[in-house]
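First comes the structure, then the notes that go with it.
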Amino acid sequence: MMLSGLDLPKPLIEAYGKKGITELYPPQEECVKKGLLEGRNLLISIPTASGKTLVAEMAMHHHIAGKVNKGPSKGKCLYVVPLKALASEKYEEFSGKGVRIGIATGDLDKRDEYLGQNDIIITTSEKADSLLRNNTRWMNLITCLVVDEAHLIDSENRGATLEMVITKLRYLNENMQVIALTATIGNPRLFAGWLEAEHVSSEWRPVDLKEGVFYSDTIYFEEEEKKIKTPAKEDDTNLCLDCIEDGGQSLVFVSSRRNAEGFAKRMAKALEKSGFSDPALEDIQKKLEAIAETDMGKILASCTAKGAAFHHAGMKREQRHIIEQGFRDGYIKVISSTPTLAAGLNLPARRVVIRDFLRFKGGEGMLPIPVREYRQMAGRAGRPHLDPYGEAVLIAKGRDMANGLFEEFISAPAEDVKSRLDDESALCSQVLSLISTEFVKNNDDLVSFLKRTFYTFTNKKSSHLSDIVEKAVSYLEAAGMITKIDDRLFATDYGNLVSHLYINPISAEIISTVLREKQKTLLEIKRLGEVEDIKASDIGDLIKTEPAKTTKSVNPVYSIDSMKQVKSASAKSMLKKTAFTPEDISAVFSDIGLLQLLCKTPDMYTLYVRKDDLPVLESFYYAHEDELWMEISYDTMEDDFRVIKTAMLLDNWISEIGEDTICTRFGVGPGDIYNVVEGMNWLLYSASRISYMMAPDLKISVSEVELRMKNGIKRELIPLIKLKNVGRVRARRLFNNGITSPLKIKEANFDKLSAILGQKIAGQVIKQVEKEYGNINNTEIIINNTEIKKEHTLREEREDKSERRERKNRKIENQKKSAEIIKKNENFENFGNSDYEEEEKNTEQKKKNQKNKNTQRSLFEF
DNA sequence: AATGTGCCCTTCTAGACAGCATGTC
DNA sequence: CTAGAAGGGCACATT
């Protein structure tokens, strides 16, 4: 079947023609035959790289051209992906084909309504859910929904969201065409049944895939055997060397980050020994070295120089991109990777070695990876148009094992997908959103809506769902997120906020319970202050803030006890304006307490605690016991320590401790810092909104931490950071030069400022300060200076592009100048919190002590 | 002297979505 | 409570 023979818009056909694609692959043809262009729902399970994208594009362009009879004349398409990186990848792929493409993820989006002008909108499933929660109007106009990796409906954490997005969208847009792209699944007919879809399934690939098991010196494929030279001792390196000698590249999947790094090191040595080298690798090495601030980065650079790299989530985005590109360009010969590369970007290689097929799971030991995941890895084998074939190889340690691996993975049937909507916490969140958006108005609505879900479709007889729905409703009601008037269900302001913030209702409850507790203490201080007429600062000591008890069970969801506690404080009395001094607030508020609270939330993922961390955590715990907000209890100790460790890292971050120090101190990679900080930013924003509602006197304190987290700065830099064009580095430079506030900038002379910031920036900063402080003569901290920033943006928009270019040039010059000054102020990095330095020394001593005594048992050994 | 090898023992274990409002070095 | 790689420490061999 020829592409040009189909009733499709020309730009699409031409764009593919340019890439040399004029004819449909067999599975694509089948999709067309089964009604792809007639608006039929399809469940398409075909291997990666066999042209799923084109299938989706054909349908979407068809819709956009208004050729599908259902719905409005001009169609609008939503393309749902599981990862942000995938969203960007698809954006690139879809662009330049005559239709308007928009992208909406947590990081990247335009104003919601503006987004709706596009023909195709690419989003993550969570963002799609969020858009639905905000009643985004254009969501009602979707005529074609494409769900990429739709089997992720089975994902333990995120499947429920995807299921609800599909269900809600189908409910909103009755005639919408649904195209679900999945990996091979065990129960496609059931899944297709729910979607009312035709099922298209195929094993066809553009490049042949041979799957086999390696044992001793031979790869045993299904139909052939292949002997491998074994110059090195280890099987894994030999497999890669063999492939490289043949002109290919390989990808090695391992189970842990350390294994990934360890393998890359070994592989680099082996490559060096084999005499392989490529001058192009030097450039890559230089790039990597330039951004390597940690040991890990240096190791990465040195391995990559030899042609072997590793890839995992502890790395910086930048490092990952360099490795990916180096591999795509063919310079890097081997990447050893954790599952990051299996699920993420499309980065094929001739030979894929699945070395570690067991993965550790806490509490259950080593478990074989799911077949679907094996397939996903194996599917990476073979670069279309570049490799004659692809090979996926498992490594066996004995003959029996070889047979076992064949059965376990290669010839094993794919797993079924099942609904994850029965997860209580996920369902709770979804029920709230349904009520908040008025998708449902009462209990009956709720039940009948949920009848449309995959869960009900697959569990027709079970009454389990209605049980947990009931539970969720009563939880939400008790928490004050929804109210029942007669039969009608309404979301309260609080409920709307929680739904809108997109945080788990349980997280919200944990946050607001504790913040209200704190607010209560503040009011108590005030009351005592009025009665006794003593200074508030003295009272801080009088009132011992009891650490809040979180609900203790493993599933803290439905403990009504904590709810009663919350209800006892009247919200109305709290909203009264009260005057508190900063001392009052600091008597009940602490950075580490807040961080601990938010890390305890199910929306935050926490760091793994190693043995070496325990003494550090212990001393930290004793040093800051009073400042902590949450109790550490015996039965949740492991979790509690993870929480403390994560909170500690974040506290380091807002104490301007350098990246490399944090990495070595906590045994994490730069990528982890980024992830943890990012997650905390989001929660801090949510906490500030919740505190505005529940504990208004703490709002400023929370917002301060939020601002510091965003920038990675100590409290003292807050006044400076608010200036445009001043980030953490410039703010610190100003501060170290005695300019500690905007007012000081006003007082400082221009020469001094431009020596610190460069002329251009100095000028801009002075302008801002004059505007703000022109007539005011005080040092009041301005918490919200978005106004200033808004004005700036408007002005910038009016400026010509040529002017911008000029600016850029000047900027470069300034950068050179300021580089010198930076050198002078290098001590910024060492500005670490002396607290921690001391703790570390203590720790070392304690370690020694422990080694000597080796008998000291404490609370801290789990 | 510097480096490699074999062996024992201990340690440790993947990833990543979401809000908001725009711009650091 | 599971499997096994990596890495450190150490003794000893090789360049």
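Letters A, B, ... are given to chains in the order of the sequence lines, protein chains preceding strands, and every chain is numbered from 1.
- At a threshold of 4.0 angstrom between heavy atoms, the contacts of A:Asn681 include nucleobase atoms, whether or not backbone atoms are also involved.
- Among the nucleotides B:dG19, C:dA6, B:dA16, the one closest to the side chain of A:Ala313 is B:dA16.
- At a cut-off of 3.5 Å, with distance as the only test, a side-chain donor of A:Asp603 or A:Ser507 sits close to an acceptor on the other residue.
- Within the nucleic acid shown, A:Arg266 comes within 4.0 Å of sugar-phosphate atoms alone, with no base atom in reach, counting heavy atoms only.
- Ion pair A:Glu704/A:Arg708 not flagged as a salt bridge, since none of the NZ, NE, NH1 or NH2 atoms sits closer than 4.0 Å to an Asp/Glu carboxylate oxygen.
- B:dC25: no Watson-Crick or G-U partner with both key distances under 3.5 Å is found in any strand.
- Base pairing of C:dA6 is made with B:dT10, judged by Watson-Crick or G-U wobble geometry with both donor-acceptor distances under 3.5 Å.
- Side-chain contact annotation: A:Asp660 with A:Thr294, donor-acceptor N/O pair under 3.5 Å absent.
- If you check every strand for non-hydrogen atoms under 4.0 Å, A:Thr105 touches sugar and phosphate atoms only.
- Under the 3.5 Å distance criterion, with hydrogens and angles disregarded, no donor-acceptor pair is assigned to the side chains of A:Glu659 and A:Tyr674.
- With a 3.5 Å ceiling on both atom-pair distances, B:dA18 lacks any Watson-Crick or G-U wobble partner.
- Across the protein-nucleic acid pair, A:Tyr502 atom OH and B:dC20 atom C1' stand 16 Å apart, rounded to whole Å.
- Within the nucleic acid shown, A:Arg689 has no heavy atom closer than 4.0 Å to any nucleic acid atom.
- Rounding to whole angstrom units, CG of residue A:Asp603 and P of B:dA16 are separated by 17 Å.
- Look at NZ on A:Lys269: it is 11 Å from C1' on B:dT3, rounded to the nearest Å.
- A:Glu261 comes within 4.0 angstrom of no nucleic acid atom, judged by non-hydrogen atoms across all strands.
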